[in-house]
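Note that these values count all heavy atoms, side chains included, but never hydrogens, waters or copies made by symmetry. Since the structure is predicted, the reported quantities are computational estimates derived from the model, not experimental observations.
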Amino acid sequence: SQTLGTKKLNDSNTRIAYVRFNLGSLLSLYSTGDISSVTLRLYLVGSVPTDTLKIYGLLETNSNGVLESAWTSSMTWNTQPAKTASPNDIPNSASALPNANTTVVLGTSPSFGASAGEVDIPLSLPDVQNLLGRDSNQQITLLFHSTTGTSVPGWGSISNTSGYLVPTLEIVGSPSG
């Protein structure tokens, strides 16, 4: 898809977007303690009413024992890795996330929507370091949703052919020793 759509959780048509980053080369040079900041960079395609995003990390193994790396591009609402049996089934509720398959909120975006453009979301360094410390496949999957709006903002995906910024995880650090 050209865009990733998001919507608030307490809606009959909730939309959650997932992005995965391979950190193998970074983690071969840096330890998690060497990281000083992490920012998720997204590109809002078009304008929507003002809203914010909440960002979570997907745990490496969900409560059904399915590895994060097992999901593919054919993911649907019912097969998404953050959704398992109750109470982790992402019900129509503003408190559906975080659940047992995700981290706490890693970050909340600044307000966006007045116009198209880049949205940078600083992520909690200790929580990202904790997620990476528990990870063994050197990949990190983030999921995000809108918090208030009823519109469906579109975010440039890795497949977009319009030249929009693709989802980017900016990690700043310096090697120790």
Side-chain angles (χ1 to χ4, degrees), residues 1-23 38-60 62 66-84 88-124 127-128 131 135 139-171:
S1 172
Q2 294 283 319
T3 60
L4 303 168
T6 57
K7 205 170 180 186
K8 65 184 180 177
L9 288 177
N10 55 336
D11 187 282
S12 61
N13 193 19
T14 295
R15 295 181 187 199
I16 299 171
Y18 287 76
V19 291
R20 181 185 296 164
F21 301 96
N22 185 333
L23 304 180
V38 181
T39 302
L40 177 62
R41 298 173 64 205
L42 301 170
Y43 189 88
L44 177 64
V45 178
S47 61
V48 294
T50 302
D51 204 342
T52 58
L53 291 175
K54 285 193 177 181
I55 316 299
Y56 306 85
L58 182 65
L59 299 181
E60 187 169 7
N62 73 14
V66 177
L67 289 174
E68 159 215 23
S69 58
W71 61 272
T72 66
S73 60
S74 61
M75 179 174 45
T76 68
W77 178 261
N78 289 324
T79 63
Q80 66 176 304
K83 180 184 186 304
T84 54
N88 302 308
D89 58 354
I90 310 182
N92 180 1
S93 165
S95 62
L97 291 173
N99 66 22
N101 302 314
T102 69
T103 65
V104 296
V105 173
L106 296 178
T108 302
S109 74
S111 293
F112 65 83
S115 60
E118 186 176 321
V119 176
D120 293 344
I121 305 109
L123 303 182
S124 162
D127 292 326
V128 171
L131 176 63
D135 182 82
Q139 296 182 30
I140 185 172
T141 301
L142 302 177
L143 55 147
F144 56 96
H145 65 83
S146 303
T147 60
T148 59
T150 56
S151 63
V152 181
W155 303 95
S157 76
I158 195 164
S159 301
N160 85 73
T161 56
S162 301
Y164 300 129
L165 172 75
V166 299
T168 304
L169 191 62
E170 179 183 78
I171 300 176

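Side-chain atoms of I171 and L23, non-hydrogen and from C-beta on, do get closer than 4.5 Å to each other. Contact annotation: the side chain of L53 approaches that of L42 to within less than 4.5 Å [non-hydrogen atoms, C-beta and beyond]. For the pair T52 and S111, the minimum side-chain heavy-atom distance is below 4.5 Å. Using a 4.5 Å heavy-atom threshold, the side chains of I16 and K83 count as separate. No side-chain heavy atom of K8 sits under 4.5 Å from any side-chain heavy atom of T148. You'll find the side chain of L169 stays beyond 4.5 Å of the side chain of V19, heavy atoms only. I140 has its side chain out of reach of D135: every pair of non-hydrogen atoms, C-beta onward, lies at least 4.5 Å apart.
Atom-to-atom distance recorded for S115:OG and L44:CG is 8.0 Å, nearest 0.5 angstrom. Annotation: the span from L143 atom CG to Q80 atom CD amounts to 8.0 Å, rounded to 0.5 Å. To the nearest 0.5 angstrom, L131 atom CG is 7.5 Å from L142 atom CG.
S162 places no side-chain N or O within donor-acceptor distance of the main-chain N or O of Y164, the cut-off being under 3.5 Å. One N or O on the side chain of T14 and one on the backbone of L9 form a donor-acceptor pair closer than 3.5 Å.
In terms of heavy-atom proximity, A82 sits nearest to N101 at O-ND2, 3.0 Å. Across all their heavy atoms, S146 and P153 have their closest contact at OG-CG, 3.6 Å. Summarising the geometry of Y56 relative to P98, their closest heavy-atom pair is CE2-N, 3.7 Å, with the distance given to 0.1 Å. Closest approach of V45 and A116 over heavy atoms only: C-CB, 4.4 Å. Scanning all heavy atoms of the two residues, the minimum distance from I121 to S109 falls at CG1-CB, 3.4 Å. Taking each heavy atom of S151 and P49 in turn, the nearest pair found is OG-CD, 3.5 Å.
With sequence neighbours excluded, no residue satisfies side-chain hydrogen bond (donor to acceptor under 3.5 Å, both in side chains) with E170. For R15, there are no salt bridge (Lys or Arg N to Asp or Glu O under 4.0 Å) partners two or more places apart in sequence or in a different chain. Applying the salt bridge (Lys or Arg N to Asp or Glu O under 4.0 Å) rule to K7 yields the partners D11; only residues at least two apart in sequence or on another chain are considered. E118 meets the salt bridge (Lys or Arg N to Asp or Glu O under 4.0 Å) test with R41; sequence neighbours excluded.
Annotation: ring pair (Phe, Tyr, Trp, His ring centres under 6.0 Å) contacts involving residues 101-124, sequence neighbours excluded, comprise F112-W155. Residue pairs satisfying the salt bridge (charged side-chain N to carboxylate O under 4.0 Å, His left out) criterion with at least one member in residues 152-162, sequence neighbours excluded, are absent.
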Give the intermediate values and the outcome of side chain to side chain contact (heavy atoms under 4.5 Å, CB included) for residues L106 and L40. CA-CA 10 Å; L106 296 178; L40 177 62; over 6 Å; no
Check the pair L59 / T103 against side chain to side chain contact (heavy atoms under 4.5 Å, CB included), numbers first and verdict last. CA-CA 7 Å; L59 299 181; T103 65; 4.0 Å; yes
Test side chain to side chain contact (heavy atoms under 4.5 Å, CB included) applied to L4 and T6, step by step: CA-CA 7 Å; L4 303 168; T6 57; 5.7 Å; no
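Remark: the T147 side chain and the D51 side chain contain an N/O donor-acceptor pair separated by less than 3.5 Å.
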